[in-house]
Asks: 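One structure, pasted below without further comment.
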Amino acid sequence: MSVVHEPLVAEPAESIARVPEAAIQDAWVRGLFDPTRLVTAEGEKVNVVTRGRLNRDSGPDVIGARIEVGGVLWAGDVEIHLASSAWETHGHHLDPAYDRVILHVVLSPDKRTGTLRRPDGSALPELVLLPHLDRSLRSLLRSFYLEPRSAPNCSHRWDEIDVDSWGREWIRFLGTERLRSRAKGLARDYTRRPDLDRLLIRRMFRALGYTANADTFEALADRLDLAALRRLDYDDVHATLLATSGLERPDLFDLEVEPSPMRAEAWKRGGRPANAPRRRLAQAAAWLSPAGVLRTDGIATLAESLSHSIEDALTALRPDLEDGNGHRLGATRATRVLTDAVLPVLMVDAELRDDHDLEDAVLRAYAALPAGDDHVMRRFGDAGLKPRTAVEAQGAHHLARSYCDEGRCARCAIGRTLYPALAGA
Ligand code: SF4
């Protein structure tokens, strides 16, 4: 039975449409609602045990929530939008990072309310928050804009400055700073284990594993005998990965796995088919097969591709599978593998060898690749400074985490302009 939503006559539709999503997220994590009579769109009682905390990385808006829906206690994430249809327009219904969403909170219902599904096909409970807010929208917005909260909490004044030009320049600068500092972190890993080839493969496998299986994929990469694998054809590489992962019995392939296969339970399943571990292992096998980008010297091969073009590097990451039946890596995932794994390792390589051409190629790629979509991107977008490229996305994260959240406004280019009195602080 669906709940009939009463017309929300107290708040005109145009006021609702003007509410930034960040304000609804703020209202949720701060608990600015009456928790006693919450029900889902399907009429099930909702009891919020823990509201969770804002997620600063990619994925759902709020993580670490515990909520009882219809008497069943769930632990997981909460996604928050202005209205229900945004779940699908943002593509969350296809993205396995949203499999753990236990409640979709919307300010106001629309024609999709009560019909949504998670990426794994299960029904997604929804809560319409507006009737339960403990204050009017006007005072909600007032507290959102004027009370201290998380980044960027000066955004209500961004229309006083030309934030889209030099504010963008500032986040680009911070983005480059963050990339260099991440490369330094990887360089420290390299110092502990000076094997750039293995580091690249670990990072690429990790990026292939998405959030759910990132650690497991990295553990698999650590177990592989790369020299032996690189002598095998595609089918045998694939069989070795399946047997080592624990997802297939080694004796099926007449293989012995040393020291021992991983546990099959280490792999999380149930997400989107494109992200299923078996399909990802077939794609990893293609990287290590005779025509694959990791067959000999992955660093040199990818640096060479990147020196031609970003498209060449992405194509190298998306080989056809040699059995002709499998699914090659998707373009979006290949972009993530490039930004999260390949470029940081190439940056380390460039710094170790003092190769300025390679460093420039890496920075050019970050400036050209598109920004992803996550909570921080949306917050900056709502504020009028939507990151467009991967380097701007990195910069927005760096600004939010290392400046706004730390109260370092006096060190921030935006803060020094908005609050000149901070200049000598
Ligand atoms: S650090 Fe900069 S962007 Fe963040 S709140 Fe302070 S002045 Fe605004």
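FYI, side chains are in, hydrogens and waters are out, and symmetry mates aren't considered; it's all heavy atoms of this structure. Every number for a ligand or one of its atoms is a count from 1 in the order of the listing.
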Asks: Counting backbone and side chain alike, does C404 bring an N/O/S atom below 2.8 Å of atom 8 (Fe) of ligand 1?
Replies: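 No, outside the cut-off.
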
Asks: Salt bridge between R378 and E79, side-chain N to carboxylate O under 4.0 Å?
Replies: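 Result for this pair is yes, salt bridge flagged.
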
Asks: Any idea which atoms of ligand 1 are less than 4.0 Å away from a heavy-atom of Y403?
Replies: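 Those atoms are 1 (S).
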
Asks: Atoms of ligand 1 less than 4.0 Å from C412 heavy atoms?
Replies: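 Result: 1 (S), 2 (Fe), 3 (S), 7 (S).
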
Asks: Taking the side chain from T389 and the backbone from A368, do they hold a donor-acceptor pair closer than 3.5 Å?
Replies: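 Flag not set: sc T389 to bb A368 has no pair under 3.5 Å.
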
Asks: Taking side chain to side chain donor-acceptor pair (under 3.5 Å) as the cut-off, I'd like each qualifying pair that reaches into residues 338-348, sequence neighbours left out, listed once.
Replies: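 Sorted result for residues 338-348: R336-D340.
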
Asks: Does atom CH2 of W74 have more than 12 heavy-atom neighbours from other groups under 6.0 Å away?
Replies: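 No - once you tally the heavy atoms of other residues, nucleotides and ligands closer than 6.0 Å, there are 12 at most.
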
